[in-house]
Asks: 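This is the structure I want to talk about, given as structure tokens.
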2 protein chains.
Amino acid sequence: MRMSEGVEWAVHSCLILAWVEDRGPVPTARLASRYDLPAPYLNKQLQALGRAGIVTSIPGPKGGFRLARRPERITMMDIVAAIEGPDEAFRCTEIRQRGSAGDITMRALRRPCSVASAMRTAELAWRRALAAQTLADVMTETERQLPEAGDRVRRWFDRS
Amino acid sequence: MRMSEGVEWAVHSCLILAWVEDRGPVPTARLASRYDLPAPYLNKQLQALGRAGIVTSIPGPKGGFRLARRPERITMMDIVAAIEGPDEAFRCTEIRQRGSAGDITMRALRRPCSVASAMRTAELAWRRALAAQTLADVMTETERQLPEAGDRVRRWFDRS
DNA sequence: GTTAGCGTACTCGGATACCGGTTGTCCGAGTGGCAAAGG
DNA sequence: CCTTTGCCACTCGGACAACCGGTATCCGAGTACGCTAAC
């Protein structure tokens, strides 16, 4: 089980956009050059964020991306779901119904598979933990370690 | 992000082995035919369980697999870790150090990346939730829905 | 001097190839059981 | 009848291909800016 690398890119990009705030939209090429990432592929991730309503895109010159809402209203869960998709990691294929085990009483099939339930419980805990952390929380934590982080980003955005 | 299908197979196989208990080892072919799974690939998963110390293998005729310890001592986390490997889903590649963002103060790099920390927190919640559920718990829940589940497995094992 | 029109350059957006990993398969090493032969 | 010995069939174990989703890339549609020229 492996999370897409695009998630890391997306979160860091959102951090940049959050710190830049209202200074104007940031184009993909700018974000890509900052972290030395392939611009077209990063653009793909940003499009996914756009479809999820996390960022808004402005076309044309002086265009780019900006956050669609305040960092306090964007959770880690939102970003992960936008990139990874809505499907959950464990997908029950109902093997209990297949093969020679398929002749079990039908009424048990009304109830969800116990194995799937156990996995779902764990995954729900994961989702809750992600949803409990907002982009603003990550910003605060980063600035606690490096107080000038926001200023650095804004200076980087202003020059050039 | 998608969990390997082998996890579902492994859990269901462990359930069979738990219900069979001391009646003797169950060969891969028997397990595979029960759920209509490709036997060689299921064998691969069982080998992984063996390396993790969850099941023990007995070679030769009348051989097969059996649980290495009681179901109360086997957690869902053990099985998932055995199949999926020890690596965590989110892998921080430290993009904050790359590109034009690489010129930040070194002391911030002593501390872990805030993004990675947030992800790690969530993943830890997932792992705790998995570790809190034992194989015995899943057995109990299954028998609550279908009380004769254990007897069915044992009868299936005895005949043929 | 002002304004309307046009060209241009820059942006996003979706459609298109490449690659690593999971999935699926195969054959060889090892071992217990069974049967037959000998005492 | 008991013991021993050889063979065989069945098991696990690791090494070998095939398919698929994520990775990486490209080019086209659209738009705001800036320049030019006419009024």
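Since the model is a prediction, treat every value here as computed from it, not as a measurement. All chains are named by letter (A, B, ...) in the order of the sequence lines, taking the proteins before the strands, and each is independently numbered beginning at 1.
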Asks: Taking the ring of A:W19 and the ring of A:F157, is the distance between their centroids below 6.0 Å?
Replies: no

Asks: Would you classify A:G50 as touching base, sugar-phosphate or nothing, given that sugar-phosphate means primed atoms plus P, OP1 and OP2, and contacts are heavy atoms under 4.0 Å?
Replies: nothing

Asks: Does any donor atom in the side chain of B:S13 or B:Q45 lie under 3.5 Å from an acceptor atom in the other side chain?
Replies: no

Asks: Could you identify which residues of residues 16-29 of chain A place a heavy atom less than 4.0 Å from some atom of DNA chain C, listed by residue number, or say none?
Replies: A:P27, A:T28

Asks: Can you give one letter per nucleotide of nucleotides 14-27 of chain D, going 5' to 3': B for a protein heavy atom under 4.0 Å from the base, S for sugar-phosphate only, - for none?
Replies: B------S-BBBB-

Asks: More than 12 non-hydrogen atoms from neighbouring residues, nucleotides or ligands closer than 6.0 Å to CZ on A:R91, yes or no?
Replies: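 Yes, the 6.0 Å shell around CZ holds more than 12 heavy atoms from other groups.
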
Asks: List in chain and number order the residues that pass ring-ring contact (aromatic ring centres under 6.0 Å, His included) with A:Y35, two or more places apart in sequence or in another chain; answer none if no residue qualifies.
Replies: A:H12

Asks: Can you tell me the distance, in whole Å, between the CZ atom of A:R30 and the P atom of C:dC10?
Replies: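 Atom CZ in A:R30 sits about 12 Å away from atom P in C:dC10.
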
Asks: Nearest whole Å is fine: how far is C:dC34 C1' from B:K62 NZ?
Replies: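 Answer to the nearest Å: 12 Å.
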
Asks: By side-chain hydrogen bond (donor to acceptor under 3.5 Å, both in side chains), which residues pair with B:R23, not counting sequence neighbours?
Replies: B:D158

Asks: For B:F65 and D:dT11, what is the distance between atoms CZ and C1' respectively, to the nearest whole Å?
Replies: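 Nearest whole value for this atom pair: 9 Å.
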
Asks: What's the CZ-C1' distance between B:R91 and C:dG20, to the nearest Å?
Replies: 12 Å

Asks: Which residue pairs satisfy the salt bridge (Lys or Arg N to Asp or Glu O under 4.0 Å) criterion with at least one member in residues 65-79 of chain B, sequence neighbours excluded?
Replies: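 Non-adjacent pairs meeting salt bridge (Lys or Arg N to Asp or Glu O under 4.0 Å): B:R69-B:D78.
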
Asks: Do A:V153 and A:R34 touch side chain to side chain, with heavy atoms closer than 4.5 Å?
Replies: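 Yes, close enough: below the 4.5 Å cut-off.
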
Asks: Run the side-chain donor-acceptor check on residues 55-64 of chain A: report pairs under 3.5 Å with partners two or more places apart or on a different chain.
Replies:
none

